[in-house]
Each structure stands twice: as structure tokens, then as C-alpha cells.
Amino acid sequence: MVVETEVVEVTEKKGFPAGIWTKCKKCDQILLQKDFEENFMVCPKCGYYTRLGSEKRIEFIVDKGSFKELYANLKPIDFLNFPGYGNKIKDMEIKDAIVTGEAKISGYDILIAVMDFSFMGGSMGSVVGEKIVRTIERAIKKKCHVVIVSASGGARMQEGIVSLMQMGKTSAALAKLADRGLAYISVLTDPTTGGVAASYAMLGDVNIAEPKALIGFAGPRVIEQTIRQQLPEGFQLSEFLEKHGMVDLVVERKDMKEVIAKFLKFFSNK
Ligand SMILES: [Zn+2]
């Protein structure tokens with residue numbers, strides 16, 4: 001599994017043993033890898049949130065040793081013969097832009113799906129949609145709540161309209177989950193955009209965002225051209241969306257597990 005850390009490893013050439021030291025991508029601060037990971041991969045100097053791969057993300061929010069991966073055998077197919085797509089998905093180490101499974105958070109059994117931005121920009125294609133739906137259906141069967149962590153550039157153009165259909169498919173599955181009185185906690189991370197923002201990422205019973213995450217459907221330039229108005233400062237960042245009611249709360253990465261656990265407790269006592 002590929003973990004995208006966005007932190008440049010300092011190589012031995014520069015006098016540091018690789019893997020022990022890392023450098024913040026934003027402020028260039030040299031950091032001990034161990035300290036950096038203990039700080040949830042947030043730079044202690046400038047507060048920059050390093051993007052996480054699914055493996056690290058799962059490690060940070062579920063109970064240690066509780067994660068059991070499901071549906072790992074689902075792989076994308078180049079059904080449209082889209083130029084270059086077949087080779088791209090063949091060479092990837094991880095199978096698609098999402099990892100799904102069962103886990104516990106503070107003792108609560110949950111079904112979880114975590115997106116991986118390092119796989120084709122976390123784009124939502126047929127495999128992402130199918131894995132999410134199977135995860136939700138299993139949650140209904142096992143009477144568990146669902147947590148989905150999103151990180152996506154939107155729908156996967158290499159799968160054409162089939163990728164757009166995943167918006168309806170995942171939304172319908174979430175409606176079924178809600179009918180059974182089970183909760184869906186959506187965690188939005190940087191970036192959550194396009195078709196993912198326009199479907200399951202925004203459909204949580206509670207939508208929680210990491211600080212300063214870019215969240216939105218279209219990019220600011222497209223919106224400015226369409227509405228012919230200048231957009232306000234910080235538009236499409238978590239804090240702005242929280243202030244305007246699009247996101248319920250912004251939670252620091254170090255507190256994320258505890259906050260999710262509180263909501264699980266709340267929804268379980270209903
Ligand atoms: Zn920094």
C-alpha cells in the first residue's frame with residue numbers, strides 16, 4: 001500500500017539517514033520522523049497538514065489492531081479503452097482510490113471507507129462506488145454506523161459517465177442506511193471536490209472537516225466566471241464552510257478519533 005506523505009525524505013547524501021528525518025513541505029522545517037508522526041503528521045512549526053494515505057489515516061482514527069480490510073479484490077477495468085488508463089491502473093501498487101473494512105473506534109464496531117488521494121487524485125470511479133456501497137450494505141446487515149473519510153479531486157474521467165453514476169449509487173445506499181436508523185459520519189480532508197463533494201462526502205449525519213481543507217464542487221475561477229462576482233477570502237476552506245453551515249464542525253487531526261467516538265456514542269444511545 002502506498003502512503004503519500006508529501007514530506008520529502010532527507011537522503012543520506014545530505015548527511016541524514018533516510019527515514020529518520022523529514023522536512024515540512026510548506027516551511028522546510030527539518031523534523032524527526034518519529035516526532036512528526038506522533039504529532040499526526042502536522043508540522044509543529046507552521047501547522048501544515050500533510051496529506052495522509054489510507055494506511056496512516058486508518059492508524060490515526062481506529063483502535064489499534066482492529067482494522068480488517070474488506071473488498072480488497074475489487075480492481076478497476078479499462079472498459080472504455082480510454083487512452084493511457086489501462087497502463088495506469090496496471091502499474092499501480094494499490095488497487096484503487098479507496099480502502100474499506102471493519103474496525104472499532106473507542107470500542108464501537110464500525111464500517112469504514114478511507115479514500116487515497118495518491119491513487120489518481122482520489123478519483124471516484126466504479127470501484128470506489130462499489131466498495132462504498134458494499135461497505136454500507138454490510139453496515140446495515142451488521143447494524144453498525146459508517147465512517148467515510150474523503151479525499152478526492154472528483155469523478156474519474158477515464159470511466160466516463162459510469163463514474164458520475166457512482167454519485168447516485170452511493171447516495172441511494174446512504175438513504176437506505178438512514179432508513180434503518182444507522183448513522184453516517186463523513187470526514188472531509190484536503191481536498192474534497194467535484195462529484196465526491198457533490199454526493200456522499202456532504203451527506204453525513206454529521207460532516208466533520210480537517211482545518212484548512214479545500215472543499216467544494218467547482219474551482220473558484222469557474223465559479224467567478226459563471227456568477228461574475230469576486231469570491232470572498234478563504235472561500236471553499238473548511239472554516240468558511242463551517243461558518244456558512246455547509247460543514248458541521250472543523251476538528252484538528254489529533255482530536256478526530258475522540259470526536260468521532262463522541263458522535264458514535266450519541267448515535268448509539270438514540
Ligand atoms: Zn511547516
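Both counts, for ligands and for their atoms, begin at 1 and track the order of listing.
- For the 3.5 Å distance criterion, the side chains of Ser126 and Glu159 qualify, holding a donor opposite an acceptor.
- Shortest non-hydrogen contact noted between Ile110 and Cys144 is CA-CB, 4.2 Å.
- Summarising the geometry, atom CG belonging to Leu31 is positioned 11.0 Å from atom NZ belonging to Lys23; distances are rounded to the nearest 0.5 Å.
- Counting only heavy atoms from C-beta outward, the side chains of Ser238 and Val247 never approach each other to under 4.5 Å.
- Between the side chain of Asn269 and the backbone N or O of Phe266, no donor-acceptor pair lies under 3.5 Å.
- With Asp96 as the fixed residue, the salt bridge (charged side-chain N to carboxylate O under 4.0 Å, His left out) test singles out one of Arg156, Lys131, Lys75: Arg156.
- Protein N/O/S atoms found under 2.8 Å from the Zn ion (ligand 1): Cys24 SG, Cys27 SG, Cys43 SG, Cys46 SG.
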